[in-house]
Trainee: 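Quick one: structure below, then a few questions.
What you see is a predicted model; the values in this text were computed from it and never measured. First the proteins, then the strands, lettered A, B, ... as listed; each starts at 1.
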Amino acid sequence: MPFTIATWNINSVRLRMPIVERLLKEHAPDVLCLQETKVPDELFPEKAFRKAGYEHILFHGQKGYHGVATVARRPIELVEKRRFCEIDDSRHLSVRVQAGGGSVLLHNFYVPAGGDEPDPEINRKFRHKLDFVHEMNGVPASQDDASILVGDLNIAPQEHDVWSHKQLLNVVSHTPVETEGFEAMRRAGGWVDLMRLNVPAEQKLYTWWSYRAKDWEASDRGRRLDHVWSSANLVPRFKGYEILKAARGWEKPSDHVPVIARFDLE
DNA sequence: ATGGTGGGTAGCCCA
């Protein structure tokens, strides 16, 4: 029995509860990490998760914006709700979960989108995004602990993580200052990009398709904004993953789709 | 070249 972790930017957990239930029923991940829950903690739909068999629920939410939650079928222990850039946004939650006879430290992140203008001098949201990613250098993969980091990191680091590298070089999410800072942070932290581990660099990978396309599937102008990383010591346990592209076509979809990673940890 | 579509929530913020 593999240990499975799903990550999904849900763009309002309350509005999306029907398709969250569908994911849990059809794929039954052991742990689900949600981003953009857009709900204060006191209004989090705990009952629906319990009813679906996910009785272990931790959240870091706020009213209207951002918000992350980690729910599980097995016990999870709160480690930290970290504050970044000295701003009280709800963008991080780490938990410890028992798996494979040991424990895994699991980070759930929602990195700032960064606004439209890719110039930190005139766009403070872009400045914030760069600063946030830089501050993630303070969240390294532990050398002697099994660590996993998932979430909507809002950056598509490689050429084939976007539908057109050339056309997106000046578009927030794929600018060189973002992708270089992102990859430097990932490597410095000792994190392995599991979604690219066994996939050729020239193969397109997307987890997000804009709401603004007339036909998201036909135009297929996607980006890989959602990520699954682990510490090097977990790589031998990594058994593959799935991008649930079909979820983009579900009723009232999120613009992101779930990614489910499997580990041989039982 | 531009604006396109969503969500939260009260007239705009944000993705």
Trainee: For the P atoms, the ones on B:dG6 and on B:dA10, what distance do you get once it is rounded to whole angstrom?
Mentor: 23 Å
Trainee: Would the distance check show the side chain of A:Asp255 and the main-chain N or O of A:Ser210 forming a donor-acceptor pair, the cut-off being under 3.5 Å?
Mentor: no
Trainee: Using the P atom as the reference point in each nucleotide, state the distance between B:dT9 and B:dT5 in Å, no decimals.
Mentor: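 One P to the other, the span is 23 Å.
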Trainee: What about the rings of A:Phe109 and A:Phe84, do their centers lie closer together than 6.0 Å?
Mentor: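 Yes: the rings meet the under 6.0 Å criterion.
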Trainee: Kindly list each side-chain donor-acceptor pair under 3.5 angstrom involving residues 179-190 of chain A, sequence neighbours excluded, with atom names and distances?
Mentor:
residue: A:Thr179; atom: OG1; partner: A:Thr175; partner atom: O; Å: 3.3
residue: A:Thr179; atom: OG1; partner: A:Pro176; partner atom: O; Å: 3.4
residue: A:Glu183; atom: OE1; partner: A:Arg186; partner atom: NE; Å: 2.9
residue: A:Glu183; atom: OE2; partner: A:Arg186; partner atom: NH2; Å: 3.1
residue: A:Arg186; atom: NH1; partner: A:Trp191; partner atom: O; Å: 2.9

Trainee: Please identify which of these residues, A:Phe263, A:Phe3, A:Trp229, meets the ring pair (Phe, Tyr, Trp, His ring centres under 6.0 Å) condition with A:Phe238.
Mentor: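 Single ring pair (Phe, Tyr, Trp, His ring centres under 6.0 Å) partner of A:Phe238 among A:Phe263, A:Phe3, A:Trp229: A:Phe263.
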Trainee: Give a yes or no on whether the ring-centroid distance for A:His92 and A:His107 is below 6.0 angstrom.
Mentor: yes
Trainee: Looking only at atom C1', what distance separates B:dC13 and B:dA1, rounded to whole Å?
Mentor: 26 Å
Trainee: Measure the acute angle between the ring planes of A:Trp8 and A:Trp250, then classify it against the limits of 30° and 60° as parallel, tilted or perpendicular.
Mentor: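 Correct class here is perpendicular.
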Trainee: Quantified in whole Å, what is the P atom distance between nucleotide B:dT2 and nucleotide B:dC14?
Mentor: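 My reading of the P atoms in B:dT2 and B:dC14 gives 22 Å.
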Trainee: Specify the separation, in whole Å, of atom CD of A:Gln35 and atom P of B:dG7.
Mentor: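 One finds 17 Å between P of B:dG7 and CD of A:Gln35, rounded.
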Trainee: Tell me the interatomic distance from A:Phe44, atom CZ, to B:dG8, atom C1', rounded to whole angstroms.
Mentor: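 Computing the A:Phe44:CZ to B:dG8:C1' distance gives 17 Å.
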Trainee: Whole angstroms only, please: what is the CD1-C1' distance between A:Ile10 and B:dG8?
Mentor: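 From A:Ile10 CD1 to B:dG8 C1': 15 Å.
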Trainee: Using a cut-off of 4.0 Å between protein heavy atoms and nucleotide atoms, how would you tag nucleotides 9-15 of chain B 5' to 3' with B, S and -?
Mentor: SS--BSB
Trainee: What nucleic acid atoms does A:Arg221 come within less than 4.0 Å of, heavy atoms only: base, sugar-phosphate, or nothing?
Mentor: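 Answer is nothing: A:Arg221 stays at 4.0 Å or more from every strand.
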